[in-house]
Undergrad: 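Provided herewith is a single structure, encoded as structure tokens, for subsequent inquiry.
Labels below follow one simple rule: chain letters A, B, ... track the order of the sequence lines, proteins then strands, and each chain is numbered from 1.
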Amino acid sequence: MAGEKAPGEKKPGEKAPSEKKRSKKKTGEKKPAEQKASQKEAGEKKKKVKKYHCSRNPVLARGIGRYSRSAMYARKALYKRKYTAPETKIEKKKKEKPRATITKPVGGDKNGGSRVVKIRKMPRYYPTEDVPRKLLSHGKKPFCEHKRRLRASITPGTVLILLTGRHRGKRVVFLKQLATGLLLVTGPLVINRVPLRRAHQKFVIATSTKVDISGVKIPKHLTDAYFKKKRLRKPKHQEGEIFDTEKEKYEITEQRKSDQKAVDSQILAQIKKVPQLRGYLRSTFCLSNGVYPHKLVF
Amino acid sequence: VFKRFVEIGRVAFISFGPHAGKLVAIVDVIDQNRALVDGPCSGVRRQAMPFKCMQLTDFVLKFPHSARQKCVRLAWQKENINEKWAATRWAKKIEAREKKAKMTDFDRYKVMKAKKMRNRIIKHEMKKLQKLSSKKGKKPEKSEKPEKAPKSEKPGKAQKPEKVPKAQKAQK
């Protein structure tokens, strides 16, 4: 009796401090031992149900039990214990099936207004021969992933001599290399009528003359997409004069003009500091008798 | 006919070979083709050198044959060969050639502008004097004056623009 009382007293006594400790748990988990004790109490009640029975099938000889399969079924009362696996995430996922069909409106008076259309349709063609599996290759990168190199002689502010294009022979200031590897270059416009333009590294001679461009800020929207040529291709109306609608004449947009001004003003200030540089940029490069490019020092 | 002779103490300029461009003094003659040569102040060790690669200069030093390097060096420094050499036209021509070869594109442009300006000035003066002489062409005395005048003025003006490109090259 004393033994019964003691645990009886303990329980409510323990409950109170355990409840308090539980509340304290939320604030600060400093006493894990007592936490376990309180959990044990709660768990003990559940665990009591989970106490495992000893084997209900006495062993006659090794590997042979007294009762048959069906007798054991009855003895273990498995008819009462039918468990289903808990609804796991798999089941939940399974429920979220994607839409298989979609209803689309259909025009016309006598067509009923809408159709139910399958989203994923069966293939309309099965080839007689399967395409053979391609062999693995390595190092074949698309253009956007190529490594871009820049010659050591070309640094921001270098004066370059353009060799091809409508501005061939002109001396021009290099600004930066763009993402595709082309060089962004400017005249400046007031000096030699070369606007902000792209030039190819291979078709350019780098001179050793440099302009100090360290303080010049080039706007960030000057990328390859900005400079890319635009072509209209919408010959819906097959008239005889399709070619006229496409951009024959290139028109200078206001944005280009403002960008040109913004960049050039900074560069012109630097060019004025070097004597005779302006005249140098205005002049064009040419070869004459007795001048051999392989002997020239640029 | 010959003014520069191979002798002991003759300073020679090496035209080709590993020591191309340096000055040496002939210390002794070995045989018909080679000489013992030493250039203490120009970085050439005492060695045999064929006459073919040597070009004789106007300078002669005074030291006995087979004198040791110290003596050659003393004689060299006494005569101040290095400075004398730099003052000769020969050395200046070599220097000018080197500078021309090193010219960058920008330098070439500056030289072109300087030359153009100089030629303009010369032409301008010439035209002026020609006009004078044509006006007063009847009097032969005054025709002599303008002939002398342009010649004296030409070198005067020639020096100015020459200094300009050289100064620019030196700046570079």
Side-chain angles (χ1 to χ4, degrees), chain A residues 151-163 167-174 185 187-188 191-192 194 199 203-213 267-268 270-298, chain B residues 13-22 53 55 86 89-127 154 156-172:
Chain A
R151 274 187 271 162
S153 51
I154 302 178
T155 61
T158 314
V159 173
L160 307 172
I161 300 175
L162 300 177
L163 295 173
H167 299 287
R168 61 193 86 100
K170 291 199 180 165
R171 295 185 174 105
V172 127
V173 176
F174 168 67
V185 127
I191 295 183
N192 51 18
V194 177
F203 303 110
V204 133
I205 295 180
T207 63
S208 50
T209 320
K210 316 246 182 218
V211 183
D212 187 15
I213 275 196
I267 296 177
L268 277 170
Q270 298 295 325
I271 288 174
K272 280 188 182 171
K273 292 184 185 172
V274 182
Q276 295 190 306
L277 188 59
R278 192 164 189 275
Y280 175 58
L281 290 173
R282 287 191 73 200
S283 64
T284 49
F285 173 77
C286 61
L287 295 171
S288 58
N289 270 354
V291 178
Y292 305 109
H294 70 284
K295 285 207 158 179
L296 286 180
V297 169
F298 282 103
Chain B
F13 173 80
I14 305 174
S15 52
F16 61 85
H19 296 286
K22 296 182 189 164
C53 69
Q55 293 174 350
R89 284 184 176 266
W90 188 348
K92 286 182 191 167
K93 272 190 260 168
I94 294 169
E95 203 199 322
R97 222 180 294 143
E98 278 175 24
K99 279 194 177 165
K100 195 176 181 189
K102 277 192 213 167
M103 265 204 289
T104 70
D105 198 41
F106 191 23
D107 291 335
R108 258 174 263 130
Y109 168 79
K110 289 189 232 173
V111 165
M112 181 263 285
K113 284 284 172 188
K115 267 196 191 170
K116 218 173 168 184
M117 192 160 59
R118 167 205 200 216
N119 288 337
R120 282 231 174 104
I121 295 167
I122 292 172
K123 264 195 206 153
H124 183 64
E125 291 299 315
M126 268 300 288
K127 291 268 162 87
K154 255 196 209 173
K157 256 117 206 185
Q159 278 171 23
K160 239 197 197 176
E162 262 180 316
K163 281 180 190 170
V164 171
K166 277 193 182 171
Q168 284 167 348
K169 281 187 210 173
Q171 275 175 17
K172 173 242 165 185

Undergrad: Among the options A/G279, A/S208, A/P275, pick out the one with the most heavy-atom pairs lying under 4.5 Å from chain B.
TA: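 Sorted descending by pairs with chain B, the first entry is A/G279.
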Undergrad: Tell me, side chain or backbone of A/V291 under 4.5 Å from chain B's heavy atoms, or both, or neither?
TA: neither
Undergrad: Under 4.5 Å from any heavy atom of chain B, what part of A/I205 do you find: side chain, backbone, both or neither?
TA: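 For A/I205, neither part sits under 4.5 Å from chain B.
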Undergrad: Should the heavy atoms of other residues, nucleotides or ligands under 6.0 Å from CZ of B/R120 be counted, would the total exceed 12?
TA: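 Counting other residues, nucleotides and ligands, CZ of B/R120 stays at 12 neighbours or fewer.
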Undergrad: Under 4.5 Å between any side-chain heavy atoms of B/D105 and A/F285, yes or no?
TA: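 Side chain of B/D105 against side chain of A/F285, heavy atoms only: contact under 4.5 Å found.
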Undergrad: Is it true that, when you exclude A/R282 itself, more than 12 heavy atoms of the residues, nucleotides or ligands shown sit nearer than 6.0 Å to its CZ?
TA: no
Undergrad: What distance do A/Y280 atom OH and B/M112 atom CE have between them, rounded to the nearest 0.5 Å?
TA: 10.5 Å
Undergrad: Using heavy-atom distances under 4.5 Å, tell me whether B/Y109 contacts chain A through its side chain, its backbone, both, or neither.
TA: side chain
Undergrad: Between A/F298 and B/T104, what is the shortest heavy-atom contact and its length?
TA: O-CB, 4.0 Å
